[in-house]
Number of protein chains: 2
Amino acid sequence: MPIERRPLREQIREELLSRIDRGDFAAGTDINEVALATELGVSRTPLREALITLAGEGVLESNQGKGFRFAPVSRKEFRELCEIVAALESLALERSDPAYLREIAPKLLTLARDFPDSVAEQQVIERHDDEWHDLLLSGCRNERLLDLITSVKAGMRRYAHLLAGDETPLEREQAEHCRVAELLMAGDLPQAAEALRVNWVNGMERMMSRIPAS
Amino acid sequence: MPIERRPLREQIREELLSRIDRGDFAAGTDINEVALATELGVSRTPLREALITLAGEGVLESNQGKGFRFAPVSRKEFRELCEIVAALESLALERSDPAYLREIAPKLLTLARDFPDSVAEQQVIERHDDEWHDLLLSGCRNERLLDLITSVKAGMRRYAHLLAGDETPLEREQAEHCRVAELLMAGDLPQAAEALRVNWVNGMERMMSRIPAS
DNA sequence: ACTATGAATTCTGAATACAGATTTATGGAC
DNA sequence: GTCCATAAATCTGTATTCAGAATTCATAGT
């Protein structure tokens, strides 16, 4: 059994991202490197490496002499990120193997219908949503594109916990996912890609009001 | 006058990118950190920070215990990158201020017509091309998108010097740029965005044969 | 009371030191 | 001569140290 040997910076990056998911860090707050390094039980070197990576993904900002801080959230940026991901995921779908898509379409439909009901924990809903999108794009042949999508989505994680504990119209989300799946079963890739883009744009509108004005 | 004070890692990153433009490094070769740090006159710490950034942009690869190396080039990846940039630039154009676009359209047309002739140095041609694209997208209101485009294009720089010293059909490139500019003058944003996408796809096809098979 | 100035503190950015992994070199068995 | 084992050298990944910038705090002056 090959035991896991990954650079510390990657583990640290993932730990920080999962803490962001839990809403541990408030947007806009400064990072104290020594304090955080001590808490994580690592030295500043790999921590800084992780911070630099996250800054490249837009999760953090860095200012000369002032170090890193969690990038503030804004409706403007959220809209920008949604636009980007909508375009990228739509492209990824268009660049997928049609045969493979038809193959997984039934499973996508099942997953979409099995959406957890509104009372489920936000964490559960999000994980289910991620799973659906991951499966949807798993047939994309453009590897760089998949990496890029993952990276951009990391920048969106800051918004996840802001949207927790609400009465979002899950039915709409569910219906839109079903529509994508059905179009794939019918073999209409362009329409499915368009439906996916629409899903992102609609989702953005639904979430927009929950984000602080500026 | 505020004198320039930027982190070393950024300066190093840019220096490495410009060296890649000059074709100083062969794709696929390993990086010796101590040697490179010495040559640049810096310590390994900021150098590694720059390397990690470049790895995040796809310029480098990193393997546990083996350090960094310049990512190998391939037709497949070049096609992938072109697809991505085509989609992103097209989106950026669609998200630009139409009034501003009409304003700069004449200048875009002039620049496109003033394309350096075939005998000009590759460097000159590339710089001119970059200038045109930068101006074209300068009206985009989606800041994250512009950053992303810059980042993805950094990953394409590895291919720049491969395409040097050839008899590429510059006329086609020039004509396509003119077409985009003309559509913008006519105020037809969707068509201009589509023409821009086509320009990227065609450019990809033109370059493809010059890249090593695998 | 308020501001300005400067020292003390805290923190980041960069350099150096150390530990462990990987590669290269060496030597012996066949 | 080839193959394998083992030791030396090299290099990366991480920790620690150092230098200087930014911030805080205290004090003097108005």
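Numbers restart at 1 for each chain; the letters A, B, ... are given by sequence-line order, proteins then strands. Just so it is clear, the structure is predicted and the values come from calculations on it, not from any experiment.
A:S43 pairs by the side chain to side chain contact (heavy atoms under 4.5 Å, CB included) definition with A:T45, A:P46, not counting sequence neighbours. In terms of the side chain to side chain donor-acceptor pair (under 3.5 Å) criterion, B:E205 has no residue partners (sequence neighbours excluded). Evaluation of the side chain to side chain donor-acceptor pair (under 3.5 Å) rule for B:D21 yields B:R157 as partners, not counting sequence neighbours. Residues that satisfy the side chain to side chain donor-acceptor pair (under 3.5 Å) test with A:E176, not counting sequence neighbours, are A:N199, A:N202, A:R206. In this structure A:R95 satisfies the salt bridge (Lys or Arg N to Asp or Glu O under 4.0 Å) test together with B:E83, sequence neighbours excluded. Residues forming a side chain to side chain donor-acceptor pair (under 3.5 Å) with A:E126 (at least two apart in sequence, or on another chain): A:Q122. Under the side chain to side chain contact (heavy atoms under 4.5 Å, CB included) criterion, A:K76 pairs with A:S74, A:E80, B:E143, not counting sequence neighbours.
Counting all heavy atoms, side chain and backbone alike, A:P72 lies closest to A:E77 at O-OE1, 4.2 Å.
One atom, CG of B:L8, and another, P of D:dA21, lie 13 Å apart when rounded to the nearest Å. Rounded to an integer number of Å, the gap from CD of A:E10 to C1' of D:dT14 is 15 Å. The separation between B:R5 atom CZ and D:dG20 atom P is 12 Å, rounded to whole Å. Between the NZ atom of B:K66 and the C1' atom of D:dT12 there is a distance of 12 Å, given to the nearest Å.
In the region residues 39-63 of chain A, proximity to DNA chain C at under 4.0 angstrom, judged on heavy atoms, holds for A:R44, A:R48, A:N63.
Judged as a salt bridge (Lys or Arg N to Asp or Glu O under 4.0 Å), not a single pair has a partner in residues 100-109 of chain B (not counting sequence neighbours). Counting only residues at least two apart or in different chains, ring pair (Phe, Tyr, Trp, His ring centres under 6.0 Å) contacts with residues 33-77 of chain A comprise A:F25-A:F70.
For DNA chain C, the outermost nucleotides in 5' to 3' order that have an atom under 4.0 Å from a heavy atom of chain B are C:dA14 to C:dT23.
Residue-level contact check: B:I31 touches the backbone only, with heavy atoms under 4.0 Å from sugar-phosphate atoms and none from bases.
End-to-end axis angle for the helix from C:dA1-D:dT30 to C:dC30-D:dG1, using five pairs per end and rounding to 10°, comes out at 0°.
Position along DNA chain D of the nearest nucleotide to B:G65 versus A:Q64 favours B:G65 as the more 5'-ward residue.
Applying the salt bridge (Lys or Arg N to Asp or Glu O under 4.0 Å) test between A:E61 and each of A:K66, A:R158, A:R69 identifies A:R69 as the sole match.
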